[in-house]
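Letters A, B, ... are given to chains in the order of the sequence lines, protein chains preceding strands, and every chain is numbered from 1.
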Amino acid sequence: MRIATWNINSVRLRLPRALDLIAEAAPDVLCLQETKALEDQFPAAAFAEAGYPHQAVVGMKGYNGVAVVSRLPIEETERREFCGRADARHVSVRIDGGPELHNLYVPAGGDVPDPQANPKFAHKLEFLAELRRWLADTRSAAQPMILVGDLNIAPLETDVWSHKQLLDVVSHTPVEVDALCGIQAGLGWVDAVRHRIPAEQRLYTWWSYRARDWALSDRGRRLDHVWVTPPLAGAVDGVSVLRAARGWEKASDHVPVIVDLKL
DNA sequence: ATGGTTGAGGTTCAA
C-alpha cells in the first residue's frame with residue numbers, strides 16, 4: 001500500500017500538480033493539507049475521474065483544510081476539532097477495513113516562539129498537548145495506525161538546514177520538539193521516514209517561498225511526516241521525498257512524502 | 001535586524 005502526504009497549499013490552484021503526482025507516484029491513498037477550500041469547493045469529481053473516488057474532505061473558507069482521497073474504500077472515523085476550533089485540521093479514516101489513518105495539519109505557530117507573547121504559538125502548543133491526550137485516551141499502541149501530515153515541526157538536527165540557527169525559530173524550538181516527541185512516545189509511534197533514511201542524512205520537505213533560489217540556498221526543513229504504530233513498523237518498505245516537486249511550475253512550498261507499506 | 005513570496009479573498013491575514 002502506497003501512502004502519500006502533501007501540503008498542497010490550495011487544492012484548487014494546484015489540482016493539475018496533484019494529478020501529475022498521481023500519474024507519477026500512483027499512491028493508493030493521497031492525504032492533503034492546506035486545501036484552502038470549502039467542502040463543496042473541493043475538486044471531488046476530478047479526483048474521482050483520476051481513480052480516487054473514495055474521499056474524506058474537511059474544509060473551511062480560505063484557510064487550512066485536509067482531505068484524504070483514495071483508490072481503496074475508506075470509511076471516515078472522525079474529524080476532530082482540536083482546541084474547540086472548527087478549523088479543519090484533522091480527519092481520520094479506516095483504509096479498506098485495515099489500519100486507521102490520521103491526516104493532520106498542525107498550526108504553524110506564528111513567528112515568535114513565546115506562548116505569552118504570541119497566541120498562535122500558544123495555540124500550537126495547546127493543539128499538540130490535546131493531540132497527545134486524545135490519542136492516549138482513545139487509541140492504543142496495539143492498533144495498526146498511520147499518522148501523516150504537515151506537523152509544522154522539524155524534530156531532528158538534520159531535519160533543518162542549521163540546527164544552531166533555528167533553535168529560536170518556530171518549527172525547531174526545543175519546546176515544540178519535546179511536544180512532538182511526547183506524542184510519539186505516547187503510542188510508540190515510529191517515524192516511518194527516519195526508519196528508512198538515517199538520521200545522519202539531511203532531509204527536508206519544505207522550502208520557503210521567500211528564498212531567491214530555494215535549491216541553491218537549500219534552507220529547508222522537514223515539516224511533513226509519516227508515522228506508524230508498532231504493529232506496522234515492520235511493514236514500512238520504501239520511503240521517498242519528492243524534492244523535485246519543489247521545482248514544479250506553480251509549486252507548493254511543501255513536497256510530497258511517500259511511504260510504501262507491506263500489508 | 002530585516003525582508004523576502006505565495007494564496008485566498010477581498011481592500012489584509014496566514015503561512
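The nearest whole Å value for the distance from the CD atom in A:Q33 to the P atom in B:dA15 is 14 Å. If you take CD of A:E249 and C1' of B:dT6, they are 15 Å apart, rounded to a whole angstrom. Taking atom CG of A:D111 as the reference point, atom P of B:dG3 lies 12 Å away to the nearest angstrom. Between the CG atom of A:N64 and the P atom of B:dT6 there is a distance of 21 Å, rounded to whole Å. Atoms NE2 (A:H254) and P (B:dT5) sit 18 Å apart, rounded to a whole Å. Distance, A:E34 CD to B:dG7 C1': 9 Å, rounded to whole Å. The CG-C1' distance, from A:L38 to B:dG9, rounds to 12 Å in whole Å. The NZ-C1' distance, from A:K250 to B:dG7, rounds to 8 Å in whole Å.
Residues A:N9 and A:S252 bring no donor and acceptor atom of their side chains to less than 3.5 Å of each other. In this model, no donor atom of one side chain and acceptor atom of the other lie less than 3.5 Å apart for A:T77 and A:R94.
If you take atom C1' in B:dG3 and the same atom in B:dA15, they sit 15 Å apart, rounded to whole Å. Look at the P atom in both B:dG9 and B:dC13: the space between them is 16 Å, to the nearest Å. B:dG10 and B:dA14: their C1' atoms are spaced 14 Å apart (whole Å).
Pairs engaging residues 156-181 of chain A under the ring pair (Phe, Tyr, Trp, His ring centres under 6.0 Å) rule: A:H163-A:H172 [sequence neighbours left out].
A ring pair (Phe, Tyr, Trp, His ring centres under 6.0 Å) with A:W214 holds for exactly one of A:W206, A:Y204, A:W207; it is A:W207.
Taking the six-membered ring wherever Trp is involved, the centroid distance between the rings of A:W227 and A:H195 does not fall below 6.0 Å.
Sequence order on DNA chain B of the closest nucleotides to A:G62 and A:P107 puts A:G62 first from the 5' end. Each of A:N7 and A:A37 was matched to the nucleotide of DNA chain B holding its nearest heavy atom; the match closer to the 5' end belongs to A:A37.
The side chain of A:K61 places no N or O atom within less than 4.0 Å of a non-bridging phosphate oxygen (OP1 or OP2) of B:dG9. Taking side-chain N and O atoms only, A:R221 has no distance below 4.0 Å to OP1 or OP2 of B:dA15.
No side-chain donor-acceptor contact under 3.5 Å links A:K36 to the backbone of A:M60.
Here A:R246 does not pair with A:D218 in a salt bridge; the nearest charged N to carboxylate O distance is not below 4.0 Å.
Within the 4.0 angstrom heavy-atom criterion, only backbone atoms of the sugar-phosphate kind lie near A:R89; the bases stay farther away. Here A:R14 lies in heavy-atom contact (under 4.0 Å) with sugar-phosphate atoms only.
Between A:F127 and A:F82, the ring planes are tilted. Angles from 30° to 60° get that label.
Of the listed nucleotides (B:dG9, B:dA15, B:dG7), B:dG9 has the atom at the smallest distance from the side chain of A:R12.
Listed in residue order, the members of residues 203-214 of chain A having a heavy atom less than 4.0 Å from DNA chain B are A:Y209, A:R210.
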